[in-house]
A.B. asks: 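Pasting in a structure now, in structure tokens, and then I'll have a few things to ask.
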Amino acid sequence: MSKWICVTCGTQYPERDTPPEHCSICEDERQYIGLGGQRWTTLEEMKATGYRNAFYEHEPHLWGLETVSEFAIGQHAKLIRTPHGNILWDCISYIDDVTVDLIRGIGGIQAIAISHPHFYSSMVEWAERFDARIYLHARDRRWVMYPSDRIEFWDGTQVELNPEVTLVHVGGHFAGSTVLLWKSGANGKGVLLTGDTVSVSADRRWVSFMYSFPNRIPLSAVIMKGVRSRLEPLSFDRLYGTQADSVVEYDAKGVVIRSVERYLDALRRTEER
Ligand SMILES: [Zn+2]
Ligand SMILES: [Zn+2]
């Protein structure tokens, strides 16, 4: 019996003798099936192949976490250290004893919150190792491939995980796409962690939004106006996307609002052509 992990998207499936026939996450038009066809691995095989996790510091009390060499779609996770407990934002497929010991050494994980299904990865494995709850938006319930009673589906626009950390439903990339607002980040000016919900552009002075990143399918004006209305009330100065270097250091709120306007302008011009 093995818990099979999809090599292309990194999603872990519940224990069974043989790998699943399909990966529903990859078959969705927001992802893709790898050129070599559907392939599977396991945590044991990844460990034997030499995968490991690396940690780095984004800013005080905010760690980044990634697997090397790069696995699946190169997911990164973030660990926010608060006086009320540590929050894991987004998740990665690989986990080993060293990772668990290191994180336990700084107080373990109080809760796991995930922006959208492309980062569900091995969330149940992580939750079991740290005895943590997982917070997912109810509108993405159908994309959970590994059901568990550790998963808490929340609905509505916001949920407070602790006095410093609030999850905000934004939509867009996925119907349940979520961001995390960390009030005391950026020296108290506020930090937004966005996953793929808001993606940081190459110059880090713009951000963008997509229905599918790998297949380059944009979002509609109606959806983008909904995204804007959810982001507009939030107070933050710095924004972290998915990768180690995807950060808007300051004036991130202004960057987000200008970027939404630029996106809507581009959609209008497309319609005029
Ligand atoms: Zn997959
Ligand atoms: Zn995604």
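Note that ligands are numbered from 1 as they come in the structure, with each ligand's atoms numbered from 1 the same way.
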A.B. asks: As a test of reading the structure, name the N/O/S atom of His116 that is nearest the Zn ion (ligand 2).
C.D. replies: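 So the atom name we want here is NE2.
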
A.B. asks: Within 45° of the axis and under 6.0 Å from the centre of the six-membered ring of Phe153, does NZ or CZ of Arg142 qualify?
C.D. replies: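 Negative - Arg142 is either too far from the ring of Phe153 or too far off its axis.
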
A.B. asks: With respect to the Zn ion (ligand 2), what is the nearest N, O or S atom of His118?
C.D. replies: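 Among the N, O or S atoms of His118, the one closest to the Zn ion (ligand 2) is ND1.
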
A.B. asks: Do the numbers put Arg30 on top of the ring of Phe174, so that NZ or CZ is under 6.0 Å from the six-membered ring centre and no more than 45° off the axis?
C.D. replies: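 Satisfied, under 6.0 Å and within 45°.
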
A.B. asks: What do you get for the angle at the Zn ion (ligand 1) between SG on Cys6 and SG on Cys9, to the nearest 10 degrees?
C.D. replies: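 The two atoms form an angle at the metal of about 110°.
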
A.B. asks: Can you name the one residue among His76, His58, Glu59, Glu249 that meets side chain to side chain donor-acceptor pair (under 3.5 Å) with Tyr240?
C.D. replies: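 With Tyr240 as partner, side chain to side chain donor-acceptor pair (under 3.5 Å) holds for just one option, Glu59.
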
A.B. asks: For residues Ser199 and Asp196, is any side-chain donor paired with an opposing acceptor at under 3.5 Å?
C.D. replies: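 No.
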
A.B. asks: Of all the N, O or S atoms in Asp196, which one sits nearest to the Zn ion (ligand 2)?
C.D. replies: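 Sorting the N, O and S atoms of Asp196 by distance to the Zn ion (ligand 2) puts OD2 first.
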
A.B. asks: To 10 degrees, how wide is the angle SG (Cys23) to the Zn ion (ligand 1) to SG (Cys26)?
C.D. replies: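 SG of Cys23, the Zn ion (ligand 1) and SG of Cys26 span an angle of about 120°.
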
A.B. asks: Are Glu164 and Thr82 linked by a side-chain donor-acceptor pair shorter than 3.5 Å?
C.D. replies: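 The answer is no; no qualifying pair exists.
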
